[in-house]
Amino acid sequence: DAGVIQSPRHEVTEMGQEVTLRCKPISGHNSLFWYRQTMMRGLELLIYFNNNVPIDDSGMPEDRFSAKMPNASFSTLKIQPSEPRDSAVYFCASSVWPSGDTEAFFGQGTRLTVV
Amino acid sequence: DAKTTQPNSMESNEEEPVHLPCNHSTISGTDYIHWYRQLPSQGPEYVIHGLTSNVNNRMASLAIAEDRKSSTLILHRATLRDAAVYYCILRDIGTGANNLFFGTGTRLTVIP
């Protein structure tokens, strides 16, 4: 398996534009996480899905952020409209659920810059 | 979620053992202790996990206190490639919860 695949790896956009980040989890994994990482706030859990269903989105910062998982092999994180303070590295991870005894695998991340 | 406490930073000389501590005094009986690390410019990667007994794998060893209120990640011979931020995390299997929260971790510096 190629691991968790995120695209794009880098995104530069202008303030106010819509941004869509994509994630393909590892085949067979039924849990997916979205994280945001900044120097100030560290690694924040934004939302996670179990069996394609959003379980906890309490980490989503604002209504401008939305995440979907239409099927087991694909998820998106959308920011509309984007703002400079959204600039960060966004990570996607997947694991098997129930998962206390299993590991999570992370993608390489998408570095988002909003100018 | 049960919280973990780690030192902000540690240093080690290359090729010497490193002991990274983690306190988790409010751990529940169904919490697994997980360790991840994040190398510069990369996503976090899994290192090791355990429940009650000490664990060994090709990357590291995990020593768990008898009362489970603390644990120690052991790198037997630190290399420059081990310089990273190390995170200690508790994952509960009992309730079926699946959140994976990262704290601030310990930044390990390896001195050549």
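By convention in this document, chain letters (A, B, ...) are assigned in the order of the sequence lines, proteins followed by strands, and residues within each chain are numbered from 1.
Looking only at atom types and distance, the side chain of B:Tyr86 has a donor-acceptor partner in the side chain of B:Arg37 under 3.5 Å away.
If you measure heavy-atom distances from A:Glu44 to chain B, you find no contacts under 4.5 Å at all. Residue contact with chain B, scored on non-hydrogen atoms closer than 4.5 Å, is absent for A:Ile55.
Between B:Tyr87 and B:His34, the ring center distance fails the sub-6.0 Å criterion. Checked against a 6.0 Å centroid threshold, the rings of A:Phe91 and A:Tyr35 do not count as neighbours.
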Quiz item: Can you check side chain to side chain contact (heavy atoms under 4.5 Å, CB included) on A:Thr13 and A:Leu112, steps first, answer last?
Solution: CA-CA 8 Å; A:Thr13 190; A:Leu112 174 65; 4.2 Å; yes
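The choice from B:Pro44, B:Gly103, B:Gly43 that makes the most heavy-atom pairs within less than 4.5 Å of chain A is B:Pro44.
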